[in-house]
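Just so you know, these numbers use all the heavy atoms, side chains as well, and skip hydrogens, waters and symmetry mates. Count residues from 1 along the sequence.
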Amino acid sequence: MKNKKTLVLGATTKPERYAFKAITALVAKGHSVLAIGQNAGEVAGIKIQTKALPIKSVDTVSLYLNPARQREYYNYIIEAHPKRVIFNPGTENPEFYQLLALNDIQVEVACTLVLLATNQY
């Protein structure tokens, strides 16, 4: 399996949240993970950053932010130029899909956890 460096945007230390479960599953499957959230903390050995630090060569951005909260990250994600952005349930955002498509970034409306569990990640 190829390691796909993944940025989890909307990371949290709350175990009941899907962003937490995604970080845990990504690490368990051997992927490199970067995490940005509102509050600092740590999940599965990954430190959650509270600021959008410069990133390079990220394969995937997995979103766990509602569309209104995504706006402040539009340029950040586009400039990072990941291969794809996964819009997990509840994060669907047609406005952002168009911006990503214009920048040759693949849009995937899916669930990171399901993709990992079914070996489609």
**Study point:** Separation of R69 CZ from T91 OG1 (nearest 0.5 Å)
**Key:** 12.5 Å

Check your understanding: Pairs in or reaching into residues 45-54: which pass side-chain hydrogen bond (donor to acceptor under 3.5 Å, both in side chains), with residues at least two apart or in two chains?
Key -> E42-K47

Review point. Between OG of S32 and CG of N3, what distance do you get to the nearest 0.5 Å?
Key: 3.5 Å

Study note, to complete from the structure: In this structure, CD1 of I36 is separated from CG of L7 (nearest 0.5 Å) by 4.5 Å

Review point. Quick one: does T6's side chain have a donor or acceptor within less than 3.5 Å of a partner on K4's backbone?
Key: yes

Check your understanding: More than 12 non-hydrogen atoms from neighbouring residues, nucleotides or ligands closer than 6.0 Å to CZ on R84, yes or no?
Key -> yes

**Study point:** Steps toward side-chain hydrogen bond (donor to acceptor under 3.5 Å, both in side chains) verdict (Y64, T12)
**Key:** CA-CA 10 Å; Y64 291 92; T12 178; over 6 Å; no

Review point. How far apart are the C-alpha atoms of I86 and V61, what are their side-chain angles, what is the distance that settles it, and do they pass the side-chain contact (heavy atoms from CB on, under 4.5 Å) test?
Key: CA-CA 6 Å; I86 298 173; V61 174; over 6 Å; no

Check your understanding: With no hydrogens and no angle check, is any side-chain donor or acceptor of H31 less than 3.5 Å from a backbone partner on A25?
Key -> no

Review point. V33 and V8: side-chain contact (heavy atoms from CB on, under 4.5 Å), yes or no, with the steps?
Key: CA-CA 7 Å; V33 178; V8 175; 4.2 Å; yes

Check your understanding: Hey, is OH on Y73 packed in by over 12 heavy atoms from elsewhere, all under 6.0 Å?
Key -> yes

Check your understanding: When hydrophobic residues are tied together by side-chain contacts of less than 4.5 Å, even through go-betweens, does L115 share a cluster with Y18?
Key -> yes

Point to revise | Nearest non-hydrogen partners of I48 and G37, listed with the distance | key: CG2-N, 3.5 Å

Check your understanding: Hey, are K21 and E16 close enough for a salt bridge, meaning a charged N less than 4.0 Å from a carboxylate O?
Key -> no

Exercise for review: Taking the side chain as every heavy atom from C-beta outward, state whether E92 and P67 have any pair of such atoms under 4.5 Å apart.
Suggested key: no

Review point. Yes or no on side-chain contact (heavy atoms from CB on, under 4.5 Å) for V85 and L63, after CA distance, side-chain angles and deciding distance?
Key: CA-CA 7 Å; V85 175; L63 287 177; 3.7 Å; yes

Exercise for review: Tell me, please, which residues at least two apart from Y97 pass ring pair (Phe, Tyr, Trp, His ring centres under 6.0 Å).
Suggested key: F87

Review point. Would you say Q98 has more than 12 foreign heavy atoms packed within less than 6.0 Å of its CD?
Key: no

**Study point:** Considering all heavy atoms, the nearest V114-T118 contact
**Key:** O-OG1, 2.7 Å

Check your understanding: Do F96 and Y74 make the cut of ring centroids closer than 6.0 angstrom?
Key -> yes

Check your understanding: Quick one: CD1 on I23 to CZ on R17, what's the gap to the nearest 0.5 Å?
Key -> 12.0 Å

Review point. Which heavy-atom pair separates A11 from A19 by the least distance, and what is that distance?
Key: CA-CB, 4.1 Å

Check your understanding: Quick one: OG1 on T60 to CG on L34, what's the gap to the nearest 0.5 Å?
Key -> 11.5 Å

**Study point:** ILVMFWY network linking L65 to F20, side-chain heavy atoms under 4.5 angstrom
**Key:** no

Study note, to complete from the structure: When rounded to the nearest 0.5 Å, the distance separating CG of L26 from CG of L113 is 8.0 Å

Review point. Excluding sequence neighbours, so at least two apart, what forms salt bridge (Lys or Arg N to Asp or Glu O under 4.0 Å) with K83?
Key: D59

Point to revise | T13 and N39, any side-chain heavy atoms less than 4.5 Å apart | key: no

Check your understanding: Do N119 and K29 pass the side-chain hydrogen bond (donor to acceptor under 3.5 Å, both in side chains) test, and can you show the C-alpha distance, the side-chain angles, and the key distance before you say yes or no?
Key -> CA-CA 10 Å; N119 294 318; K29 291 271 189 173; 3.2 Å; yes

Review point. Just checking, any donor-acceptor pair under 3.5 angstrom between side chains of T112 and S62?
Key: yes

Check your understanding: Please walk me through it: do V27 and I46 pass side-chain contact (heavy atoms from CB on, under 4.5 Å)?
Key -> CA-CA 9 Å; V27 169; I46 304 299; 3.7 Å; yes

Check your understanding: Can you find a pair of side-chain heavy atoms, one from E95 and one from Q70, that are under 4.5 Å apart?
Key -> no

